[in-house]
*Asks:* 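My questions will all concern the structure given below.
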There are 2 protein chains.
Amino acid sequence: MSRSTKKDALLQVAERLFYEHGFRGVGLKQIIREANVATMTLYNHFPSKNKLVEEVLKRREERYWSYLDSYIERGLSSPFVLAVEAHCRWLKEHSYKGDMFLRAIEDYAGIDEEIENIAREHKTRLLHYFQQLAQENRVNNPMDLANQLTLLLEGTTSMTTLIGADKAAEYSIAMAKVLFQHTS
Amino acid sequence: MSRSTKKDALLQVAERLFYEHGFRGVGLKQIIREANVATMTLYNHFPSKNKLVEEVLKRREERYWSYLDSYIERGLSSPFVLAVEAHCRWLKEHSYKGDMFLRAIEDYAGIDEEIENIAREHKTRLLHYFQQLAQENRVNNPMDLANQLTLLLEGTTSMTTLIGADKAAEYSIAMAKVLFQHTS
DNA sequence: TTAAAAATAGAAAGGTCGTTCTATATAGTT
DNA sequence: AACTATATAGAACGACCTTTCTATTTTTAA
């Protein structure tokens, strides 16, 4: 098994476990065991647990955006509603239990600045995405709509933990339509 | 210093620290030190750390509802908007950094059933509150509105972590009004 | 005032954590 | 075939965790 597959296995297992049980809830021992890797192989690729967390977050962000992009470019309805739908599908498939980035902010604020920044950047990117979309569509107050849609997505993520992805998506999309209808 | 004040000090300090750094991020040693209490005093009142977590959650829930009730009964505008405003004020004053109950669900799901249940009950109570409010006000689909408002509040809580309580409240209340206007 | 109850400091047990170290084995390249 | 880079298992480290124990002091109430 080549170097890169070992590293990939570590990142994949770490992401799953961190998401499932939280960053502090998972020890390196468990990651190592489930990735079928030796301790020093992990430390060969990542200088510390926190650096592993960083790379997990970066990878997850990439996957999130490529997921969103590929969903949106194939869609027919309003780009706002599409983005909300795409996010809901992401939740259903990969994020049924809260948001990893928000979790990272809460866990590492005041502890590891680098991790906190990576997580916060993911959120500002979401805000910028909606803002740009609003500008392109000549919405009156792009910043307002962007913030409201981001708030909507954050709420959907939390609701998924409480009532499941399907119902959360239903309410979320209904709200997005009302909101969009009201501003356009 | 009487028995009950020691217990209160422990609960108060524990709530602050758990909220600030997460349940796993705070050790009993720190709680004991900041509450000016001996180790055995803590174990005299709480049989374990998890039981302490339980009581902290119960106390926080009581405070949340009495805060909401006292805010709402003095209000003049629509009870839905009032509830959202009250929640926003609670966020600004006591919950600027994510939601403790959601956090408890994520941290203790599959680990401590009792804690998970207490946290989940808090959320279903919120849903029932809105549902009853919707029924009293003869809304067409009470369950739908209740879920949408709960989603809105959850989103506001997350947004508070990202952009601060004031701006989050602004967007949240604007959305609540649109939503309410649309259903009534 | 005296007896019971509660709180005290601090050590100790038993565990897990992240990280480092050692010494051996495996793979890939020339 | 030999050399270099990587991966291996597993021990060891010091720090921290929750929980228990001990022995002493303080508070409460009859």
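All values derive from a computational prediction rather than experimental measurement. Lettering follows sequence order; numbering is per chain, from 1.
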*Asks:* Could you tell me which residues satisfy side-chain contact (heavy atoms from CB on, under 4.5 Å) with A/H122, sequence neighbours excluded, listed by chain and number?
*Replies:* A/E61, A/Y64, A/W65, A/F101
*Asks:* Separation of B/R33 atom CZ from C/dA7 atom P, in whole Å?
*Replies:* 21 Å
*Asks:* What's the CD1-P distance between A/I111 and C/dG18, to the nearest Å?
*Replies:* 14 Å
*Asks:* Do the side chain of B/T124 and the main chain of B/E121 share a donor and acceptor less than 3.5 angstrom apart?
*Replies:* yes
*Asks:* Using whole Å, what does the distance between atom P of nucleotide D/dT4 and atom CG of A/N44 come to?
*Replies:* 18 Å
*Asks:* Can a salt bridge be assigned to the pair A/D107 and B/R103 using a cut-off of 4.0 Å between side-chain N and carboxylate O?
*Replies:* yes
*Asks:* May I ask you to check if A/R60 and A/F18 form a cation-pi contact, with NZ or CZ under 6.0 angstrom from the six-membered ring centre and within 45° of the axis?
*Replies:* no
*Asks:* Please name all residues satisfying side-chain contact (heavy atoms from CB on, under 4.5 Å) with B/E20, sequence neighbours left out, ordered by chain then number.
*Replies:* B/Y96, B/K97
*Asks:* Rounded to whole angstrom units, what separation is found between the NZ atom of A/K51 and the C1' atom of C/dT19?
*Replies:* 16 Å
*Asks:* Main chain of A/A168, side chain of A/S172: is a donor-acceptor contact present, judged purely on distance under 3.5 Å?
*Replies:* no
*Asks:* For nucleotides 8-24 of chain D, read 5' to 3', which letter fits each nucleotide if B means a protein heavy atom sits under 4.0 Å from the base, S means only the sugar-phosphate is that close, and - means neither?
*Replies:* BB--------SBBBB--
*Asks:* Would one find a side-chain N or O of A/H45 under 4.0 angstrom from OP1 or OP2 of D/dT6?
*Replies:* no
